[in-house]
Amino acid sequence: MNNKTKLLVLNGLMIALVCMATMVIQIPIPMTEGYVNIGDSIIFVTSILFGPISGMIAGGFGSALADILTGYSHWALFTLLIKGFEGYIVGIIVRKNTNLIKNILATSLGVIIMVSGYLLAGTFLQGSFIVALGSVSSNMIQGIVSIIIGIPIASYLLTVKYVKTFKQISSN
């Protein structure tokens with residue numbers, strides 16, 4: 001199998017994992033008419049392991065697909081952009097080399113992007129900045145939990161020889 005095919009399969013797999021992680025564990029937040037999930041943890045894993053493009057693709061498409069499949073299709077375009085940008089920025093920061101401090105800083109910035117993006121999108125969709133502010137705390141919790149889950153998984157997977165071969169493919 002050539003490298004382009006491997007990369008296509010890898011990105012498809014990561015899209016599916018982000019989508020499933022977003023859909024399987026959903027804690028409804030009635031105040032925001034949304035939910036908390038752990039999809040961001042897989043976006044962080046993808047970005048750390050495979051770089052900004054794979055992080056952007058998996059984050060954007062996987063999360064938007066989850067929105068569509070769970071009845072939040074009115075958020076899907078915003079999610080595509082927000083989560084895609086989140087994955088891209090995390091991947092850019094850790095692209096050359098990765099360590100615990102860099103991973104924490106990168107994913108923390110990813111959380112800030114996600115929270116800010118949904119605040120802006122919520123303001124647009126709900127017609128009120130004040131109403132949209134209600135989502136900030138639950139999005140922060142989602143982001144922090146995703147950092148706590150994602151960084152250890154990515155750190156472990158970085159030691160796996162087979163995963164390292166995919167990291168080389170995705171960085172070319």
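The shown structure was predicted, so the numbers you read here are calculated from the model rather than taken from an experiment. In this chain, residues are counted from 1 in sequence order.
- Here the side chain of Thr98 pairs no donor or acceptor atom with the backbone of Val94 at under 3.5 angstrom.
- Ile101 and Ile151 are members of different hydrophobic clusters when ILVMFWY side chains are connected at heavy-atom separations under 4.5 Å.
- Evaluation of the ring pair (Phe, Tyr, Trp, His ring centres under 6.0 Å) test over residues 138-159, restricted to residues two or more places apart or in two chains, returns none.
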- Message: Before you tell me yes or no, could you show the steps for Ile27 and Asn37 under side chain to side chain contact (heavy atoms under 4.5 Å, CB included), namely the whole-Å CA-CA distance, both residues' side-chain angles and the distance that decides it to 0.1 Å?
- Response: CA-CA 7 Å; Ile27 302 167; Asn37 64 79; over 6 Å; no
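- Contact annotation: the side chain of Ile15 approaches that of Ile57 to within less than 4.5 Å [non-hydrogen atoms, C-beta and beyond].
- Side-chain contact between Asn99 and Asn103 is absent, with no heavy-atom pair separated by less than 4.5 Å.
- Annotation: side chain of Ile89 is in contact with side chain of Ile93 (closest heavy-atom distance under 4.5 Å).
- Remark: Asn139 pairs with no residue by the side-chain hydrogen bond (donor to acceptor under 3.5 Å, both in side chains) rule, at least two apart or across chains.
- Under the 4.5 Å side-chain heavy-atom criterion for ILVMFWY residues, no single connected hydrophobic cluster contains both Ile112 and Ile148.
- In this view, Leu17 and Leu13, Met14, Ile42 satisfy the side-chain contact (heavy atoms from CB on, under 4.5 Å) rule, not counting sequence neighbours.
- Shortest non-hydrogen contact noted between Ser138 and Gly134 is OG-O, 4.4 Å.
- The shortest non-hydrogen separation linking Arg95 to Pro52 is NH2-CG, 3.2 Å.
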- Could you check Ile149 against Phe44 for side chain to side chain contact (heavy atoms under 4.5 Å, CB included), going step by step and ending with a plain yes or no? CA-CA 9 Å; Ile149 293 170; Phe44 296 153; over 6 Å; no
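- Residues passing the side-chain hydrogen bond (donor to acceptor under 3.5 Å, both in side chains) test with Thr5 are Asn2, sequence neighbours excluded.
- Residues meeting the side-chain contact (heavy atoms from CB on, under 4.5 Å) test with Leu157, sequence neighbours left out: Val45, Leu49, Ile153, Val160, Val163.
- The shortest distance between side-chain heavy atoms of Leu105 and Leu109 does not fall below 4.5 Å.
- The ring pair (Phe, Tyr, Trp, His ring centres under 6.0 Å) contacts involving residues 97-121 comprise Trp75-Tyr118, where partners must be two or more places apart or lie in separate chains.
- When each of Val36, Asp40, Thr107, Ile141 is checked for a side chain to side chain contact (heavy atoms under 4.5 Å, CB included) with Ser146, only Asp40 meets the rule.
- No path of Ile, Leu, Val, Met, Phe, Trp and Tyr side chains, each step under 4.5 Å between heavy atoms, connects Leu100 with Ile144, placing them in separate hydrophobic clusters.
- Qualifying side-chain hydrogen bond (donor to acceptor under 3.5 Å, both in side chains) partners for Tyr88, counting only residues two or more places apart in sequence or in other chains: none.
- Residue pairs satisfying the side chain to side chain donor-acceptor pair (under 3.5 Å) criterion with at least one member in residues 58-67, sequence neighbours excluded, are listed as follows: Tyr35-Asp67, Asp67-Thr79.
- Residues Val90 and Ile43 have side chains not in contact (no heavy-atom distance under 4.5 Å, counting atoms from C-beta outward).
- Listed by chain and number, the residues in a side-chain hydrogen bond (donor to acceptor under 3.5 Å, both in side chains) with Thr22 amount to none (sequence neighbours excluded).
- Here the closest non-hydrogen pair linking Met23 and Ala66 is CG-CB, 3.8 Å.
- Side chains of Gln142 and Met114 form a contact here, defined as non-hydrogen atoms less than 4.5 Å apart.
- The closest side-chain heavy-atom distance from Gln26 to Thr70 is below 4.5 Å.
- Both Ile104 and Ile38 are assigned to one and the same hydrophobic cluster, defined by single-linkage of ILVMFWY side chains at heavy-atom distances under 4.5 Å.
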- Could you walk me through whether Leu69 and Cys19 pass side chain to side chain contact (heavy atoms under 4.5 Å, CB included), step by step? CA-CA 9 Å; Leu69 294 174; Cys19 183; 4.0 Å; yes
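- Side chains of Ile48 and Leu158 form a contact here, defined as non-hydrogen atoms less than 4.5 Å apart.
- Residues in residues 42-56 take part in these side chain to side chain donor-acceptor pair (under 3.5 Å) pairs, two or more places apart or across chains: Asn11-Ser54.
- There is no path of hydrophobic side-chain contacts, each under 4.5 Å, that joins Ile113 to Leu120.
- Annotation: ring pair (Phe, Tyr, Trp, His ring centres under 6.0 Å) contacts of Phe124 (sequence neighbours excluded): Phe78.
- With sequence neighbours left out, the side-chain contact (heavy atoms from CB on, under 4.5 Å) criterion links Ile68 to Ser73, Ala76.
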